[in-house]
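The sequence lines fix the lettering, A, B, ..., with proteins before strands; numbering per chain opens at 1.
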Amino acid sequence: MAILNTMSMSIFRKYVIPVWNALGSVRLTILLCLALCLDLIAGYVCLDGNSHIFSPMNETGLQEWAVTYGMNSLPLTAWFFILLGLLFFLSVNTFICTTERLYTLFRARKAFTRWKFACRLAPHLMHYAMIIMLLGYLTSYLFSQVIPFVTLIPGSSCTLPDGSCVISLERFEPVFSDSDRLGTYRNRVIEPRAFLKLTDGNSSKIRMINGKAPLRFAGYNLFLMDFSPKKKGGGMSNRTCIVLLVRKDPGVIFYMTGVFLFSTGLLIYVAQFINTKKDNKEE
Amino acid sequence: MMPMYISSAVLPLFLGLIYIFFYRYMEKPGGRSARRFILFFAFLISALTCLFPKDFYIPFLKSAVIFSHLFLVFGILGKGCFLASTAWSIGGFINACLPQIGDPEKCMIQAEKPAIKWAIGGFAFFTVSMFSGELWSCLVWGTPVIWDDPGLTCVMAAWFFYVGMLHLHLTGAWKLKARTLYAACGGIAVNFFNIMPDTGPFRWPF
């Protein structure tokens, strides 16, 4: 048993620790950032003029997109798969590097005042926040439920996947522009306002959606993607209809949390930077 | 509503303001070269905007959200600060290559400090711009990343580039000359790709 323990420790020291140190190295961080930069620039070249290959990912999710559009247009989509790999390694590298430094910081926390400790903690907060954001994006692209192009005309309805919730269009009352400030928009819709009847079992309510913010209903988010008519008199088509996107996204909470934590860390870091500059000036 | 593709038209204005308000802070060695490069960038971007305009200046309804305006404004501030950082790095590198100016290492060290300060400021503004863009996209399209716009990849590329630059400076992982070259050459390439999505095909203006 002792020999086994000794062998395990020597294997641990010989293989695990060097791999751990290599994966958490700052040099690797810099190389990964440079590789990401180059890959994303290649992505710009591939994406420009070919967005029809990538935009279905917004609705189908990552898995379905990868086996269809991704595999069938590999010369144009290879950069995206490389991006996923690089982001994975960057997350591992960030986690290891940050955890090690955070462990050292917590062990020495009594040597700092509260403000100094917060300043030292700020970069680590940003690093963990970045990992949480990336996790949010992955969750979103893997587990989102999306119902695109739900077209409603006044009186028609759509039943959500859970079976008990129904959305119907009550009326569409857009606001038209009557000023000359934006000449192109004269007599055109400047704010689409659709009134939806949301029925959940026995209760129902009427809510307005205007394309600037989602409407939350039964765990789903409703987005106004398109509408008709677009101008007074109808133009080519005076039929009233709206097109909704219905989305259930479990990743939202992760990336909103990540954005909040990153912003907090950045604020503390910039405040510390400005304070240091002031102290240097006074000296 | 947010004016479309106006950032390359406003960026030279911001670079001009940097030149005017920070003129006296650019008296140090490397500062004169940095000033010249800031003016050069302002001229170059103005010329690009005139000769390669993007025609879609009509705003669209989904941009009538506060976050879209924050995305535009902070993006311009971030790009301007990045260009100022690049100008300092190029200034320091050129001075280091000219033996009559002084000790090459001293030239690069003196240029590195202001370059990093501008990079930190640019990174803060650019991050706020990115987050505002993501919030705008979440509110209006339901997802933080819309793959219809190729310019998004250039924004992410610039962000990762400056993350690398800040890590290089804070850890001193590479030698001074390599760091200065990274900041100078990389800065030119990344900022070029950041401005390109706001330009269109060649159009003779007269």
So which heavy atom on [X] is nearest to which on [Y], and how close?
{"X": "Ala124(B)", "Y": "Val270(A)", "result": "CB-CG2, 4.0 Å"}
{"X": "Gly142(B)", "Y": "Tyr255(A)", "result": "O-OH, 4.5 Å"}
{"X": "Pro150(B)", "Y": "Tyr44(A)", "result": "O-CD1, 3.3 Å"}
{"X": "Gly43(A)", "Y": "Thr153(B)", "result": "C-OG1, 4.2 Å"}
{"X": "Ala157(B)", "Y": "Cys37(A)", "result": "O-SG, 3.5 Å"}
{"X": "Val145(B)", "Y": "Tyr141(A)", "result": "O-OH, 3.2 Å"}

Checklist entry - Pick from Ser51(A), Ser25(A), Cys46(A): which one has the most heavy-atom pairs with chain B under 4.5 Å? => result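 The answer is Ser51(A).
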
Item to check | Winner by heavy-atom pair count (cut-off under 4.5 Å) against chain B, out of Leu245(A), Leu83(A), Asp39(A), Leu34(A) | outcome: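 Counting heavy-atom pairs under 4.5 Å, the top option is Leu34(A).
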
Under 4.5 Å from a heavy atom of chain A, the part of [X] involved:
{"X": "Leu152(B)", "answer": "neither"}
{"X": "Met196(B)", "answer": "both"}
{"X": "Leu168(B)", "answer": "both"}

Checklist entry - Relative to chain A, which of Val190(B), Asp149(B), Thr171(B) shows the most heavy atom pairs under 4.5 Å? => result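 Sorted descending by pairs with chain A, the first entry is Thr171(B).
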
Item to check | Heavy-atom check, side chain of Val140(B) versus side chain of Phe223(A), under 4.5 Å | outcome: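 Result no, sub-4.5 Å side-chain heavy-atom pair not found.
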
Checklist entry - Can you find a pair of side-chain heavy atoms, one from Ile30(A) and one from Trp174(B), that are under 4.5 Å apart? => result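 In short, these two side chains touch, coming nearer than 4.5 Å.
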
Reported [atom1]-to-[atom2] distance for the pair [X] and [Y], which is rounded to 0.5 angstrom:
{"X": "Met225(A)", "Y": "Trp141(B)", "atom1": "CE", "atom2": "CH2", "answer": "8.0 Å"}
{"X": "Ile41(A)", "Y": "Phe192(B)", "atom1": "CD1", "atom2": "CZ", "answer": "10.0 Å"}
{"X": "Phe161(B)", "Y": "Leu38(A)", "atom1": "CZ", "atom2": "CG", "answer": "10.0 Å"}
{"X": "Ile120(B)", "Y": "Ile274(A)", "atom1": "CD1", "atom2": "CD1", "answer": "10.5 Å"}

Looking at [X], I want to see if its [atom1] is surrounded by more than 12 non-hydrogen atoms of other residues, nucleotides or ligands under 6.0 Å.
{"X": "Glu100(A)", "atom1": "CD", "value": "yes"}
{"X": "Ile253(A)", "atom1": "CD1", "value": "no"}
{"X": "Phe89(A)", "atom1": "CZ", "value": "no"}
{"X": "Phe21(B)", "atom1": "CZ", "value": "no"}
{"X": "Phe149(A)", "atom1": "CZ", "value": "no"}
{"X": "Phe176(A)", "atom1": "CZ", "value": "yes"}
{"X": "Glu173(A)", "atom1": "CD", "value": "yes"}

Item to check | Residues from residues 52-60 of chain A approaching chain B under 4.5 Å (heavy atoms) | outcome: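 Listed by number, the contacting residues are Phe54(A), Ser55(A), Met57(A), Asn58(A).
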
Checklist entry - Taking non-hydrogen atoms and a cut-off under 4.5 angstrom, which of residues 130-140 of chain A neighbour chain B? => result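 Residues of residues 130-140 of chain A touching chain B at under 4.5 Å: Met130(A), Met133(A), Tyr137(A).
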
Please classify the contact of [X] with chain B as side chain, backbone, both or neither, using a heavy-atom distance under 4.5 Å.
{"X": "Leu222(A)", "answer": "neither"}
{"X": "Phe227(A)", "answer": "side chain"}
{"X": "Asn221(A)", "answer": "neither"}

Checklist entry - Going by the angle between their ring planes, with limits at 30° and 60°, are His167(B) and His127(A) parallel, tilted or perpendicular? => result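 If you compare the ring of His167(B) with that of His127(A), the planes turn out perpendicular.
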
Checklist entry - What residue pairs, at least two apart or across chains, pass side-chain hydrogen bond (donor to acceptor under 3.5 Å, both in side chains) with a residue in residues 175-185 of chain B? => result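 Residue pairs passing side-chain hydrogen bond (donor to acceptor under 3.5 Å, both in side chains), neighbours aside: Glu112(B)-Arg179(B).
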
Item to check | Criterion side-chain contact (heavy atoms from CB on, under 4.5 Å) on Thr143(B) and Asp249(A), from CA distance to verdict | outcome: CA-CA 9 Å; Thr143(B) 174; Asp249(A) 191 344; 5.5 Å; no

Checklist entry - Of all residues at least two apart in sequence or in a different chain, which pass the side-chain contact (heavy atoms from CB on, under 4.5 Å) check with Met130(B)? => result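 side-chain contact (heavy atoms from CB on, under 4.5 Å) check on Met130(B) returns Glu134(B), Val155(B), Trp159(B).
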
Next on the checklist: So that I know where these two stand, are Trp147(B) and Tyr69(A) an aromatic pair - ring centroids less than 6.0 Å apart?
Outcome noted: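 Judged by ring-centre distance (under 6.0 Å), Trp147(B) and Tyr69(A) do not meet the cut-off.
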
